[in-house]
Structure formats: structure tokens, C-alpha cells
Amino acid sequence: MLSSLSSHNVIQYLQEAGLCSSEDGASADSELPQSSKNRNFRVNLSGNRTLLVKQEESAQFDNAPHELFNEWLFHELLCKFPVLGNNPAIASSVIHYDGANAILVREYFPQYQELGQFYRQGGVVHQRIATEIGSSLAALHRATFNRREYRTMLATAPQGMIRYQSYNPAQGIEVLAPDMFGNVPQAAFQFYKLYQRHETLESAIADLAYEWKPCCVTHNDLKLENILLRSGNCDVESKLVRFIDWEACGWGDPIYDVGTLIAEHLRIWLGSIVVDTSLRLEESLQLAMVPLQSLYPYLLALVRSYITSFPRILEYRRDFIVRVVQFAGLVLIRQQQAAILSQKTFNRVGIATLEVAKNLITIPQKSVQTVFGISEAEIIAPTTKLHPVPKMENKQNLLPIYYSKTRLRGC
Ligand SMILES: Nc1ncnc2c1ncn2[C@@H]1O[C@H](COP(=O)(O)OP(=O)(O)O)[C@@H](O)[C@H]1O
Ligand SMILES: [Mg+2]
């Protein structure tokens with residue numbers, strides 16, 4: 001068993017795995033951005049072919065499948081159900097999986113770049129990109145919605161291993177306990193203090209966890225780094241966007257994916273706010289270099305194209321927009337926590353993000369207006385003209401004998 005890949009042995013590994021030969025003149029470059037859990041290498045081969053080699057650093061070789069197995073399983077799912085492969089945005093480029101060494105190899109598309117990087121380099125937030133993202137994601141959710149065969153396949157575990165039930169990502173932040181003091185930077189204490197101060201936040205997150213309804217195949221990690229955008233010099237036949245990195249995919253709640261996308265775009269606004277101790281929070285938010293208002297058309301295009309491609313979601317989840325906003329808030333909080341643990345910093349941008357996230361979660365109806373600039377009814381009106389949502393049947397005038405929502409707070 002190989003212990004760990006390096007730029008010195010990655011080519012030898014590919015040759016032994018039969019993925020390239022000595023005539024290929026392979027060269028490895030490790031320019032890829034550092035990932036928190038994987039060691040990634042880009043290997044250039046002759047004939048303009050490039051491979052991405054990922055090895056999961058933190059893979060535990062115990063009784064549970066590691067995350068790269070999930071990415072492999074998604075690839076197998078696409079092979080088994082070619083109808084899903086009609087959606088080029090999710091098409092797999094996986095060519096090799098080695099479970100014993102937690103290594104996965106994919107074709108790399110040099111003509112694409114990360115959407116996050118595109119924006120960081122001043123790329124314009126464009127409605128066409130939003131529309132493609134919304135409709136491509138909806139196509140995956142719609143095609144797998146309530147389909148047992150996909151659910152069963154995603155429950156597969158590698159031989160001899162156990163897979164636990166679907167992971168519910170709607171979780172709050174654990175309470176800061178004395179044994180965590182060593183790992184948490186001083187600056188982050190404020191984050192935990194602010195988080196724990198809001199009592200309504202805790203119960204709203206508990207509600208959200210209860211509202212998490214797994215019903216289709218979901219990506220579960222739609223960061224802007226995991227969406228690739230076609231670059232200018234690529235032929236126009238290629239898909240404009242592609243979703244990559246299916247390590248967290250599973251049987252999940254589609255609203256979580258849409259909420260993550262909204263959170264990722266709100267971060268563009270929050271990351272551009274003016275930070276000065278003399279400014280109140282609202283002033284900082286108002287003075288952002290990328291005003292929230294400039295993102296409205298994009299965010300609207302995203303959710304409307306999603307609903308237009310998957311109109312049934314409104315029948316199934318009448319509170320779709322409100323829940324999207326709440327999940328976006330939750331994702332912002334979890335991202336803050338992850339950033340604190342990895343970068344050991346928490347600054348005024350973090351405080352502003354936490355405040356905004358708290359509002360999204362605890363006053364979602366009002367926050368819909370903040371995020372999209374218009375009301376929930378106005379957002380869905382153009383989509384329901386095309387696909388009217390059937391009216392709810394009138395409830396009979398009977399007293400319920402039990403309340404489905406009755407439960408202990410926090411459970
Ligand atoms: N096919 C590809 N084309 C272009 N860039 C890619 C491709 N695959 C991966 N990348 C780049 O490599 C990074 C890491 O790949 P990813 O699968 O997201 O690994 P990780 O799980 O480590 O985040 C991506 O964020 C992206 O920048
Ligand atoms: Mg990634």
C-alpha cells in the first residue's frame with residue numbers, strides 16, 4: 001500500500017495504474033490550490049491531456065467509507081443511469097479510483113476555471129451563468145426526485161464497511177467547551193459568544209433540522225470552488241458550467257443545495273463590505289464595494305431558473321423560498337466556523353456575516369426581501385404562470401389528534 005502521493009511519485013503511480021506511459025512525457029505540477037482534506041496534483045500528458053489526481057489526506061482506513069468513495073459512487077451512478085448523463089453540467093470525468101490508497105483520478109479541463117476565481121479576478125456576475133447553474137442543478141434534482149433506485153444506490157458502502165443514514169447538514173454549532181479552548185483562537189471566542197447569545201437562533205436551527213427532507217440526489221458542497229466556468233477561448237459547444245467534487249454527494253434535501261448557492265453569492269457582497277470601527281454594521285453593509293442590490297438580478301435568475309426547471313418543488317415544498325433563505329444563513333454560519341478553525345481569525349467581516357446569517361435564519365420572511373429585493377410571491381409569480389401550483393385541498397374542520405411537530409426543543 002502506498003502511503004502518500006507527492007509530486008515525485010505521482011507519475012510513477014499513474015504509470016503503474018496504467019493511466020499513462022513513459023512515452024507520455026508526463027510532468028506533475030502542484031500549483032493547485034491547497035485543499036483542506038486532499039492532496040491534489042495536476043499532471044500534464046502529451047496530446048494536451050491533463051489529469052487531476054486527488055488523495056484524501058485525512059482518510060481513515062477504519063470501517064466507514066472515505067469521502068472519495070462517494071465521488072466514485074456518484075460516477076458509478078451516472079454510468080448505471082445514463083439518463084442522468086444527458087446533463088453535461090454533472091457529467092463525470094472520473095477515470096480511476098483506488099480505495100486502498102484513497103486516490104481518485106479525473107480528467108482535468110484546462111479550458112475551465114473555478115467560478116470563485118473568476119469572480120475574485122473581477123469577472124462580472126452574469127445572469128446567464130446564474131440561469132445555467134439553476135437549471136442544471138434542478139435537472140439533477142428533478143430526475144432523481146423520489147426515485148428509490150438512486151437512493152438505494154447511494155446507500156451502498158464498500159465491501160465490509162458500514163454506511164450510516166443520510167447526513168443531515170442542518171446542524172448548529174457545538175457549544176464551546178473547555179476542551180476546545182486549545183484549538184480555538186482567542187479571536188473566535190467572540191464568534192461563539194455572539195452565536196450563543198441569540199436564543200432564537202438555536203431553536204430556529206433546530207426547526208430547520210426538522211424541516212430537512214431528503215428526497216433526491218444532492219451535491220451538498222456547492223461552493224464556488226466546486227463550480228467550473230467555461231473560459232473565453234473554449235469552444236461554445238461546451239457546457240458553460242460544470243459541477244465538480246462530488247465527495248459530499250448523497251441522498252439529501254435539494255433546498256440545501258440551492259441555499260448553499262445563495263450563501264456563496266452573499267459572500268461576494270459580505271466579503272466586500274467596508275470595515276471600520278467608526279461605522280455601524282448597517283453602514284458597513286451599505287457601503288459594500290459589491291452592493292447587494294447589484295446581485296439581485298443574479299440571485300433571482302438562479303432561483304427562477306431552478307423553479308422553472310423543477311416546478312414540482314413548489315408543490316412539495318410550498319415554503320421553498322423561505323427555507324432557501326434559512327439554509328443560506330446556516331451555510332454562512334458553518335463557513336464562518338470552518339474559517340475560524342482553519343485560519344484562526346474572526347474579524348468584523350465575520351461579525352457582519354454572523355449578524356446577517358442570524359437574520360436569514362430567524363426572520364426569513366423579512367429576509368427574502370433583503371436577499372432578492374422583492375417578496376416571495378413576486379419571486380415565484382413568473383414561474384407559476386408557466387406551471388401553476390395546484391391549490392392545497394381545503395382541510396376538513398376536524399381537530400388533530402396529534403401534532404406532528406411536537407418535540408423537545410433542540411431535538
Ligand atoms: N476538471 C477540472 N478542470 C479545471 N479545474 C479543476 C478540475 N478539477 C478540479 N479542478 C481544480 O482543482 C480543485 C480541486 O478539485 P476538487 O475536486 O474540488 O478537490 P477538493 O476535494 O480537494 O476540493 C478545484 O477546486 C478546481 O480549482
Ligand atoms: Mg473542491
Side-chain angles (χ1 to χ4, degrees), residues 4-7 10 14 19-20 28-45 47-60 65-75 78 85 87-99 101-121 123 129 132-133 136-137 167 169 218-235 238-250 257 260-261 263-264 267 331 334-335 338-339 341-343:
S4 58
L5 277 185
S6 70
S7 50
V10 63
L14 291 175
L19 297 171
C20 74
D29 77 56
S30 41
E31 271 175 34
L32 283 179
Q34 281 290 317
S35 154
S36 53
K37 52 188 171 42
N38 297 329
R39 213 174 284 127
N40 296 333
F41 302 91
R42 188 166 45 192
V43 176
N44 300 310
L45 305 176
N48 277 341
R49 218 174 139 215
T50 309
L51 301 180
L52 172 81
V53 185
K54 304 210 283 186
Q55 184 177 40
E56 195 171 324
E57 278 193 283
S58 52
Q60 307 277 316
H66 50 72
E67 295 189 353
L68 286 180
F69 174 78
N70 259 359
E71 186 159 354
W72 171 248
L73 191 60
F74 182 71
H75 164 80
L78 295 183
N87 179 354
I90 62 165
S92 168
S93 62
V94 173
I95 54 170
H96 172 80
Y97 170 65
D98 167 359
N101 292 304
I103 293 174
L104 184 120
V105 183
R106 293 201 311 247
E107 296 280 356
Y108 185 92
F109 316 107
Q111 328 81 307
Y112 282 78
Q113 74 176 126
E114 280 180 16
L115 188 55
Q117 186 191 26
F118 171 75
Y119 289 143
R120 279 195 300 279
Q121 291 172 349
I129 301 174
E132 285 256 348
I133 292 176
S136 303
L137 182 66
Y167 167 70
T218 50
H219 183 287
N220 292 334
D221 191 18
L222 281 174
K223 296 186 284 209
L224 296 184
E225 291 75 35
N226 289 333
I227 302 175
L228 299 180
L229 180 68
R230 189 180 68 203
S231 61
N233 51 6
C234 185
D235 73 83
S238 314
K239 188 73 185 167
L240 183 62
V241 293
R242 303 182 73 125
F243 302 124
I244 57 163
D245 194 354
W246 292 86
E247 287 180 40
C249 83
D257 274 351
T260 307
L261 288 171
E264 282 293 283
R267 275 177 59 200
V331 170
R334 296 210 67 98
Q335 283 169 345
L341 294 178
S342 65
Q343 296 152 22

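In listed order, ligands and their atoms are each counted from 1.
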Where does [X] meet ligand 1, judged by heavy-atom distances below 4.0 Å: at the side chain, the backbone, both, or neither?
X	result
Lys54	side chain
Asn38	side chain
Arg242	neither

Does an N or O anywhere in [X] fall below 3.5 Å from an N or O of ligand 1?
X	result
Phe109	yes
Asp245	yes
Asn226	yes

What atoms of ligand 1 come closer than 4.0 angstrom to any heavy atom of [X]?
X	result
Arg106	8 (N), 9 (C), 15 (O), 16 (P), 17 (O)
Asn40	14 (C), 19 (O), 20 (P), 22 (O)
Glu107	1 (N)
Glu247	21 (O)
Leu228	1 (N), 2 (C), 3 (N), 4 (C), 5 (N), 7 (C)

### Task
Provide the protein N, O or S atoms situated under 2.8 Å from the Mg ion (ligand 2); waters are not included.
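Near the Mg ion (ligand 2), the protein supplies Asn226 OD1, Asp245 OD2.
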### Message
Assess whether a salt bridge exists between Arg39 and Glu57, defined as any Lys/Arg side-chain N lying under 4.0 Å from an Asp/Glu carboxylate O.
### Response
yes
### Query
Going by an N to O cut-off under 4.0 Å, is there a salt bridge joining Asp245 and Lys223?
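Salt bridge absent between Asp245 and Lys223.
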